[in-house]
Enquirer: 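Sending over a structure as structure tokens; questions will come in a sec.
Letters A, B, ... are given to chains in the order of the sequence lines, protein chains preceding strands, and every chain is numbered from 1.
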Amino acid sequence: MSFETQAPHWEWYYIAIYFFIGGVSAGAYFIGSLLELLGSDKHRQISRTAYYLAFPLICVTPVLLIADLGRPERFWHLFFYTKEGIPYMNFTSPLSVGTWALLVFGGMSLLSFLNNLIIDGRLKSPALEGLFRHVPHKVYAVIGSFFGFFVAGYTGVLLNITARPLWASTDPLIGSLFIASAASTGAAAIALVMAWQKISSRDAIKEVVVFDRVAMVFELALIAAMIVVAGRYSAPLSKGLYGLIFWGGTVVIGILLPLGLYWYGRRPGAAGVSLTALAAVLVLFGGAMLRIAIVQAGQLQ
Amino acid sequence: MIMGSNMAECHPVAFRWPLKAKTDHGAVLMHVDPRFTRTSALCDIHVPIRAGTDILFLGAIINHVITSRRWNTDPFFKEYVVNYTNAATLVNPDFKDTEDLNGIYSGLSSDGKAYANESWSYQRGPKPTPAVTEAKTFTDLLLERVPGRPKTDPTLKNPHTVFQIIRKHYHRYTPEMVEKVCGCPKKKFLKVAETLLNNSGRDKTSNITYAVGWTQHTVGVQIIRTAAMLQALLGNIGRPGGGVLALRGHATIQGSTDIATLYQSLPGYLNMPDARKNTETFKDYILTEAVPLSTSYWGNFPKFAVSYFKAQYGDAATKENDYGYDYHPKITADHSHLPMFVHMSEGQIKGFFVMGQNPGVGGQNARFQRKALAKLDWMVVRDFYETETSAFWKNSPEIRSGELKSADIKTEVFFLPAAAVAEMEGTFTNTQRLIQQHEKSTDPPGDARSDLWFTYHLGKRLRKLYASSTKDHDWAIKNLYWNYEPEPSEVADYRIKDEPSAYKVLKEINGYTWEDKKPLPTFANLKEDGSTVSGAWIYTGVISEEGVNNARRRRGDNWISPNWGFAWPANRHIMYNRASADLAGKPWSKKKKLVYWDPKAGTWVAPSGDGIDFLPTKAPGSRGKDNGIGFDWLSGNDPFIMRPDGKSWLFAPFGIVDGPMPAHYEPYESPVANLVYRQQANPVAKTWFIEGNPYHKVADPRYPIVISTYRVTEHHLSGTMSRWLPWLAELMPELFCEISPELAAEKGIKNADYMTIETARGEIQARALVTRRMQPFTINGKTVHEVGLPWHWGWQARAEGDVVNNLSVLVADPNVTIHEGKVFTCNVRAGKRGGAA
Amino acid sequence: MAKGMFVDTSICTGCKACQVACKEWNSLPGDPAHFRRVPDRPYRVAFNFTGDSYDNTVKLSATDWRHVRFIEQFNESRSEARWLFSSDSCKHCNDAGCLNACPVKAIVRTDMGNVFVQQDVCIGCKYCIPACPYGVISFSEKTGTVHKCTLCNDRIHNGLGTACAKACPTGSISFGEVADLRKKADARLARLKGLGFEKANIYGYNEAGGLNVFYLFMDRPSVYGQPEAPVVPQQRLMSSTAVTVASAVVVAAAAMISFRERGEKKKEEVKL
Amino acid sequence: MKVDRRQFIKISAGAVGTAVIAEAEAFGADTGHIQEEAQKVPIKTGRQVPSVCPYCAVGCGQIVTVDDHGKIIDIQGNPDSPISQGTLCPKGAATYQLVNNDLRITKVRYRAPGSDHWEDKSLDWAMDRVAELTRKTRDANFHEFQDMPDGKGGTVKKRVMNTYAIASLGGATMNNEWNYAHQKLFHALGVVYLENQARI
């Protein structure tokens, strides 16, 4: 028996799910901010939905992240080096940089969230209104979007920048894959909520779906590339439980099936919104399975 | 050469030195062992031989050496062997060798159970005129009885010379025979023999190191003798880098042999008075024990013996009452470990003290031994942890199987917690006879007490109980000199105030003048008139003056380190070191210089600081006095001063009960017949044909596999000092059996699965460790498999496993009653014992 | 100057004294994973027998900072018979993956070159664990932090050598200045090569920026369970980041195109 | 395994030591993280007592370190020893745990005849009881004389002054001083079943 590297023993229900939710939040925020920048009324509905989604979701993530720490009460060490009492970031550690990115993204998504509440008239605070008048929301939308990508992507880079055979051998593709998945699941989440609310125009949902399809195709391409690049090290992804989760849960149920459903739903007279909603649920499921498969399979001995 | 020892595993720190010799000085390390062990891994050569064939292997080396060109042409060998060994001595013409009698020597009794050794004796010249006419002292008694000098033939041509007898005795021990009997390729054997020969001589010495791999045989003593003979023939004794090194197993196992808690011996290797011999009176005792040895340093026996008895009884020991000799117990039979348990099982023994030993795991035929414990009225155990022995009535395999019931066991058991080494003061004697002091660092916890505390306070209580007795048989306990009360300063810093003074005990061991209690600097100061006491004469000098404990010296150097501790006798580290110089007293070579004669000073010198194991003023070549005793009789060329002829014994005219020379006998239980002689096994081996101790027949088809038991680095003996420690338990958690892939395949045993090992004594289960480090042997064309089991485990502690000694049997060497644990026979099968998968 | 250790596996006897000495000095318990409850016993009993030669502790862990490997090399006829041992521990890499990965600066390098986990800083994120190319650093449930060999930080800062090197009966593990140790290693390697051990090699001069704890192996490093060409993961950081950024750009562009139909054209990509 | 006091002190001591940092490092952007040990790191210290390893017969030197409360906190090889030069084998290195072990028995235990459990007893009681049993067993089974073979097929009465009813076994890990005192006392009692691991 020889063990070249050890697994961190991250729990799937903390870390993989954090990666997933962070990705959904970031993907949604990016779509929201992009459409806000593009600026049309129809898109306004989408971006509002996106902002309302992004912040609550990202609020969940630190809880998951901290829950997986061995010493949760020390989570603030991520920002302050206690021995010197100064802020701290380690540029060579994706985890360190990513945590800061998460903080900034969280802040930006909060601002966008509040801004939308004000615009929608759900929050009446003269002080805040004044504040938001002075700072054009496009500024933090751009910043948030940037860090959103960061949050979505760093989780993958974080895995790539290890010595675990699966994660290291798939370098540098997991970051890209997670970004594609974030975009796809973000779009699906938006589509789902919009379908749920039944107040959005079918066209708007359709546009989100179009983007989702593109993102999924890209994701599929990245998966193929990853398997090729990893060669024999991809074995943990094709065997056993994680093989099932990866190929069944992510590729078939989470990508191919929704692509088919979207395709089918495109035709006039198809079941439309509910079909789209089903597809979106599957995409989200697939996104979660992708994170679980990659995070957990990479920890197998 | 390491043989009969797994040095790297069982004495890892000692192995530092041979390995250093290898890496720094190019020494060749050879390991002869049935298994490929961690020792083999580090040696240049590993030679596998079937367990129990050591004498044949070594005898064949002897044959190879004495018939080699180099040995017969290099004058070094002749000078050493003719002068320092008894090769030239003539043996009684009545002597018959195993070659003549097909495997036995002359003198075997009609029932075949014992040898009479008259025919093994030396031919001697006429008795000298005694130096005394009237014996006034014990020494005079010896002077009256000095025998004639042994006859010799320095040309070694006479057929009665020891050399010719040896030549004849071993001439059939050939490389071919080695291949056939030991199962070792001829080529490998020759490599070993050649390496030893080529690395011995004037400039080079070879060492042979062994351990219990040699002792635990029915021919254990003879195996070691074979090695000693080989080393003597190669001129490797008494010289730096030479010798036969015994690696012993416990911290002061040497000390407890020197200061024996062994039935047959008094401290300092004085024999225990023995009712089987003529030792009725003190005079009888001295004559019986000392006369045969009087022409060696043992000529001083009376002084040692009187000083011992004086130490026992102090003022009560007087010349008039023979120093209390009559009140001292005598042995009447073999009272050693194995007979002890045989008699325990018969109910003869009622009370039992077990101190720091665990026979419930470590005892041969351990099931038999545990069942014997149940026959006791009471038992006192002293240890650190709840040993298997102390818990035999609670949860032993016999209790679990229902064979015994706790309620039926009437034994009253006391467990008294013991102090650890670091918690008490005292001395240990290591395997090189080095006495080292360990200091008390703190009090032991709770009720734990030192062993000395226990014995001292038990003695105090008993003396109180017997204080008013006037009976003859209570004289000894009543008059025992028993005063080791601590000085206030010795206990001032500690909680335990009644801890006896270890210093006072050591001072008594060392010896002092009775009148003014002054420690004696050397054993040469001992007297036979009762004016000195000495508990163990060989330790004299350890306390050279009041308050000076030489075991406490802690100044080492890069060689002999004479100022580190104290090596008995008299701080001599290399025994018989006069042999490190040639006949003229010059070092054999510059490289191998140790002790040599300084003609200007008229004395032997040893610049290394080693003690000189010779009379310092006895010049080389000086003649001994024919009617003297001790050093007077010995010549300046007799380095082996404890032998009555001053020579190293290639042939033992007495002292060994199973033959004057070693011969190859098969182990008592063996899968093959003896291919060398008709005599299968040692004819005088000790056996116990009793219930619960069945033996396997030779080549018993039910038990075709050879089994050997041994130890691993990670545990200590029966595990009391290791299996309770998580750090060690996790390194070797469970009993395992080493087995070759060949045998495993045959039996369907898979690595790491359970397997069962079975003998007529019992069956146990172990995890299989299938490894090519074990190998089948081809013996006379037949495949013989061997399995190996480390025996550290028991049913208690943090690492558990079956008791390997449930398999072994009570059978022992006739000289010292050491059991044959290194080789017996068994069978194996897959699965757990009792048939479960 | 950097302190380190040279592990000469050619004279290791596999006795495991280093493992115990390490535990003794660093007060490490028996590994809880090696013990289990047994009926009628008030204490836990070891059950970690593996059947893998004499190796029962298998790997480095939070409580096993040293681990001796046993490699049996025997052919069927036993004409080739070799049993190799090697005592493994943290290598105190000059370019240490764990240290690079630590987000809170719990893992630091001291003035003596040893890589040290500050137990009061570590948050137990476990990211250093997969970042180590040698599988050295491990998480302890009990402390909620990671642990590994400290190169006996307290001892070496008080003028002592490491506990394992001190205990090692044969001198297989030696402690000292890395530069001196390298000289010693070179000499030993030359000697072994001279004796015909062609496969002997030194492991750790170049790997991971140079290892302060390096080895003389008698066979290929992989035989001893060491990576032949270990890569410090952070060396890939720039390329990995670049590709990920590029993907982000692709996704952004795709989004632009998807939503462009009725949207105004903006140079979103430029901002990203 | 509990974290004992020693471990606790050591862990915190080590932490305090490295807490002292004289490093003025720029925010982030370093891969070295070199910390100057401006102040020495605390180490286990105490009274050092020379000792000898309790395991095999090689006789390696040990140093026992005791803290101010008389507790053994460390047992290591003694570098001065010419035998071991500071080294130890795994057993020797584990001596600390032999001494400080939660399963070590420190109270006298007694098992009454027929009982299935231990009882705690006082040391004094046990010593008195053992002495009493020794005396009783000895007195009931003492032989002043015994018939021995005379070598001519007959027997002869010989003085033996012994008892076969009491036996003693062990231990080669006990001091020379104990061995001496023990053989002295037991020979005075007439015990001849006096044995030791040294045979094995």
Enquirer: Measure B:Asp443 against the heavy atoms of chain D and call it side chain, backbone, both or neither at under 4.5 Å.
Expert: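 No part of B:Asp443 comes within 4.5 Å of chain D.
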
Enquirer: Heavy-atom cut-off 4.5 Å, strictly under: side chain, backbone, both or neither for B:Arg16 against chain D?
Expert: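 It is the side chain, since no backbone atom gets that close.
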
Enquirer: What is the minimum heavy-atom distance between D:Ala167 and B:Ile349, and which atoms define it?
Expert: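 It is CB-CG2, 3.9 Å.
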
Enquirer: Answer with side chain, backbone, both or neither: which region of B:Pro359 has an atom nearer than 4.5 Å to a non-hydrogen atom of chain D?
Expert: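 It is the side chain, since no backbone atom gets that close.
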
Enquirer: Under 4.5 Å heavy-atom distance to chain D, tell me which part of B:Ala260 shows up: side chain, backbone, both or neither.
Expert: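 For B:Ala260, the backbone is the part near chain D, not the side chain.
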
Enquirer: Considering only heavy atoms and a distance below 4.5 Å, find which of D:Val191, D:Asp80, D:Leu123 pairs most often with chain B.
Expert: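 Result: the option with the highest number of such pairs is D:Leu123.
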
Enquirer: Just so I understand: if I count every heavy-atom pair under 4.5 Å between each of D:Thr173, D:Val156, D:Leu189, D:Val64 and chain B, which residue has the most?
Expert: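 Max contact count across the listed options: D:Thr173.
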
Enquirer: Heavy-atom pairs under 4.5 Å with chain B are the metric here; pick the option from D:Thr163, D:Asn141, D:Val192, D:Asn78 that has the most.
Expert: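 Counting heavy-atom pairs under 4.5 Å, the top option is D:Val192.
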
Enquirer: At a heavy-atom distance under 4.5 Å, which candidate from B:Leu480, B:Leu731, B:Thr279, B:Leu717 has the highest pair count against chain D?
Expert: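 Ranked by contacts with chain D, first place is B:Leu480.
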
Enquirer: Would you say D:Tyr110 and B:Glu412 are linked by a side-chain donor-acceptor pair, where the criterion is simply a distance under 3.5 Å?
Expert: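 Yes, a side-chain donor-acceptor pair sits under 3.5 Å.
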
Enquirer: Do you know which of B:Ile818, B:Asn430, B:Thr427 has the most heavy-atom pairs with chain D at a distance under 4.5 angstrom?
Expert: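 Looking at each option in turn, the highest pair count goes to B:Thr427.
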
Enquirer: Measuring heavy-atom distances to chain D, does B:Asp557 have an atom under 4.5 Å in its side chain, in its backbone, in both, or in neither?
Expert: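 Contact with chain D is through the backbone of B:Asp557 alone.
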
Enquirer: Check whether more than 12 heavy atoms from other residues, nucleotides or ligands sit under 6.0 Å from atom NZ of B:Lys478, and answer yes or no.
Expert: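 Correct, the count exceeds 12.
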
Enquirer: Considering only heavy atoms, which portion of B:Met379 lies under 4.5 Å from any heavy atom of chain D: side chain, backbone, both, or neither?
Expert: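 Answer is neither: B:Met379 stays 4.5 Å or more from chain D.
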
Enquirer: Is B:Glu423 close to chain D through its backbone or its side chain, or both, or neither, when contacts mean heavy atoms under 4.5 Å?
Expert: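 Only the side chain of B:Glu423 comes within 4.5 Å of chain D.
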
Enquirer: For the CD atom of D:Glu195 and the OG atom of B:Ser256, what is their distance to the nearest 0.5 Å?
Expert: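 The CD atom of D:Glu195 sits 10.5 Å away from the OG atom of B:Ser256.
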
Enquirer: Around atom NZ of B:Lys504, are there more than 12 heavy atoms of other residues, nucleotides or ligands at under 6.0 Å?
Expert: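 For B:Lys504, atom NZ is crowded (more than 12 foreign heavy atoms under 6.0 Å).
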
Enquirer: Would you call the rings of B:His328 and D:His187 parallel, tilted or perpendicular, taking 30° and 60° as the class edges?
Expert: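 Rings of B:His328 and D:His187: tilted, as their planes differ by 30° to 60°.
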
Enquirer: Name the residue from B:Asp451, B:Thr261, B:Thr455 that meets the side-chain hydrogen bond (donor to acceptor under 3.5 Å, both in side chains) definition with D:Trp178.
Expert: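 The passing option is B:Thr455.
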
Enquirer: Tell me, side chain or backbone of B:Tyr466 under 4.5 Å from chain D's heavy atoms, or both, or neither?
Expert: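 Answer is side chain: those atoms of B:Tyr466 sit under 4.5 Å from chain D.
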
Enquirer: Quick one: CD on D:Glu132 to CZ on B:Arg461, what's the gap to the nearest 0.5 Å?
Expert: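 Result: 12.0 Å between the selected atoms.
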
Enquirer: Shorter than 4.5 Å, heavy atoms on both sides: which option in D:Val58, D:Val49, D:Leu133 has the most such pairs with chain B?
Expert: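 Option with the top pair count is D:Leu133.
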
Enquirer: Out of D:Gln183, D:His182, D:Arg159, D:Glu144, which one racks up the most heavy-atom pairs below 4.5 Å with chain B?
Expert: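 Ranked by heavy-atom pairs under 4.5 Å with chain B, first place is D:Arg159.
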
Enquirer: Could you check which of D:Val99, D:Leu88, D:Thr87 has the highest count of heavy-atom pairs closer than 4.5 Å to chain B?
Expert: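 Most pairs with chain B among the choices: D:Thr87.
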
Enquirer: Drop me the distance from D:Arg199's CZ to B:His819's NE2, to the nearest 0.5 angstrom.
Expert: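 These two atoms lie 11.5 Å from each other.
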
Enquirer: How long is the span from the CZ atom in D:Arg104 to the CG atom in B:Asp383, to the nearest 0.5 Å?
Expert: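 Here the rounded value is 10.0 Å.
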
Enquirer: So, the side chain of B:Thr442 versus the backbone of D:Gly70: is there a donor-acceptor pair under 3.5 Å, distance only?
Expert: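 Checking the backbone N and O of D:Gly70 against the side chain of B:Thr442, a donor-acceptor pair under 3.5 Å is found.
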
Enquirer: Of the backbone (N, CA, C, O) and the side chain (C-beta and beyond), which part of B:Ala418 lies under 4.5 Å from a heavy atom of chain D, both, or neither?
Expert: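 The answer is the backbone of B:Ala418.
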
Enquirer: Roughly how far, to the nearest 0.5 Å, is OG1 of D:Thr134 from CH2 of B:Trp378?
Expert: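 Between atom CH2 of B:Trp378 and atom OG1 of D:Thr134 there are 3.5 Å.
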
Enquirer: Parallel, tilted or perpendicular: which describes the rings of B:His335 and D:Tyr164, with under 30° parallel and over 60° perpendicular?
Expert: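 Tilted: the ring planes of B:His335 and D:Tyr164 meet at 30° to 60°.
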
Enquirer: Using 0.5 Å steps for rounding, measure from the OG atom of B:Ser441 to the CD atom of D:Gln48.
Expert: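 Nearest 0.5 Å value for the OG-CD distance: 11.5 Å.
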
Enquirer: Is the closest side-chain heavy-atom distance between B:Phe352 and D:Leu169 below 4.5 Å?
Expert: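 Yes, side chains in contact.
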
Enquirer: Quick check on B:Ser390 against chain D: is it the side chain, the backbone, both or neither that has a heavy atom closer than 4.5 Å?
Expert: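 Both parts, backbone and side chain.
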
Enquirer: Answer with side chain, backbone, both or neither: which region of B:Val212 has an atom nearer than 4.5 Å to a non-hydrogen atom of chain D?
Expert: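 Side chain only.
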
Enquirer: Is chain D contacted by the side chain of B:Asp326, its backbone, both, or neither, given a heavy-atom distance below 4.5 Å?
Expert: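 Its backbone and side chain both get close to chain D.
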
Enquirer: Given heavy-atom pairs under 4.5 angstrom as the criterion, report whether the side chain, backbone, both or neither of B:Gln254 touches chain D.
Expert: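 Contact with chain D involves no heavy atom of B:Gln254 at all.
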
Enquirer: What part of B:Trp724 is in contact with chain D, defined as an atom under 4.5 angstrom from a non-hydrogen atom: side chain, backbone, both or neither?
Expert: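 It is both, since atoms from each part get that close.
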
